[in-house]
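Everything on this sheet refers to the single structure shown next.
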Amino acid sequence: MIASLMMCLSVVLLLIGMLGGIVMGIQENFVLAPAHAHLNLVGGVLLFLFGLYYRLIPAAGRSTLAKAQGWLHMTGAILFPAGVALVVLKGTAFLIAPVLGSLIVVAAMALFVVIVFRTAQA
Ligand code: HEM
């Protein structure tokens with residue numbers, strides 16, 4: 001369940017990120033390139049890979065830890081790039097958003113390390 005949600009959100013974020021890349025190219029304005037890059041990589045690529053791991057090893061995907069990891073990463077994968085975009089466009093008054101977003105993503109990654117170490121031999 002959490003894996004499906006993660007993969008569905010991932011492809012939507014990747015589509016938004018790619019469309020954003022096309023808009024940047026058309027406007028010849030690349031200030032949002034870091035937000036684009038992090039949305040695609042953290043929100044698109046990583047989220048999909050996590051979902052695939054949970055599908056490959058269902059016992060890992062069913063765990064409470066995986067649910068916590070999934071929700072944390074989904075939250076951070078949106079907050080982090082959105083926060084980067086806010087800081088780039090509106091200034092450092094919004095710094096709390098990417099700082100919080102990045103910490104949430106790192107916390108989710110730390111949980112994923114534990115999950116993989118517990119289940120990779122399955
Ligand atoms: C339709 C697809 C895409 C388009 C049109 C697009 C467009 C762009 C553009 C215009 C830039 C800025 C280049 C510059 O600063 O000179 C960029 C940077 C970047 N893109 Fe994409 N992109 C696409 C897909 C992706 C995907 C799928 C990923 C990763 C999974 C990705 C990762 C990056 C990265 C890492 C950068 C560098 C960011 C930086 O220098 O701060 N892009 N892209």
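When a ligand or atom number is given, it counts from 1 through the structure's own listing order.
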- Message: As a check for students: among Val23, Val42, Leu41, Leu39, identify the option with a heavy atom nearest to atom 29 (C) of ligand 1.
- Response: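 Comparing heavy atoms across Val23, Val42, Leu41, Leu39, the nearest one to atom 29 (C) of ligand 1 lies in Leu41.
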- Under the side chain to side chain donor-acceptor pair (under 3.5 Å) rule, collect the residues that match up with Arg62, sequence neighbours excluded. none
- Item | Every N, O or S from the protein that is nearer than 2.8 Å to atom 21 (Fe) of ligand 1 | His36 NE2
Can you see which heavy atom on [X] is nearest to which on [Y], and at what distance?
X: Ala97; Y: Gly83; answer: CB-CA, 3.7 Å
X: Pro98; Y: Val87; answer: CG-CG2, 3.7 Å
X: Ala77; Y: Leu39; answer: O-CD1, 4.0 Å

- Give a yes/no verdict on whether any heavy atom in Pro34 is under 4.0 Å from an atom of ligand 1.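 It does, in that a heavy atom of Pro34 comes within the 4.0 Å cut-off of ligand 1.
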- Message: Tell me whether the rings of Phe112 and Tyr53 are parallel (<30°), tilted (30 to 60°) or perpendicular (>60°).
- Response: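 Correct class here is perpendicular.
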- Query: Is Leu49 linked to Leu56 within one hydrophobic cluster, defined over Ile, Leu, Val, Met, Phe, Trp and Tyr using a side-chain heavy-atom separation of less than 4.5 Å?
  - Reply: no
- Item | Hydrophobic cluster identity match, Met24 and Leu89, side-chain contacts under 4.5 Å | yes
- atom 41 (O) of ligand 1 touched by protein heavy atom at under 4.0 Å: yes
- Message: Test of understanding: with side chain to side chain contact (heavy atoms under 4.5 Å, CB included), list the residues that count as partners of Val11, not counting sequence neighbours.
- Response: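 Once residues adjacent in sequence are excluded, the partners of Val11 under the side chain to side chain contact (heavy atoms under 4.5 Å, CB included) criterion are Phe48.
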- Item | Which segment of Ile22 sits under 4.0 Å of ligand 1 when only heavy atoms are counted | both
- Message: So if I count the atoms of ligand 1 from 1 in the order they appear, which ones are less than 4.0 Å from some heavy atom of Val45?
- Response: 30 (C)
- Among all protein heavy atoms, pick the one closest to atom 9 (C) of ligand 1 and tell me residue, atom and distance. Met24 CE, 3.6 Å
- Query: Any idea which protein heavy atom is nearest atom 15 (O) of ligand 1, and the distance to it?
  - Reply: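 In this structure, atom 15 (O) of ligand 1 has Phe30 CB, 3.6 Å as its nearest protein heavy atom.
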- Task: Hey, could you give me each pair passing side-chain hydrogen bond (donor to acceptor under 3.5 Å, both in side chains) that has a residue in residues 66-88? Not counting sequence neighbours.
- Result: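 Listed by first then second residue: Tyr54-Gln69.
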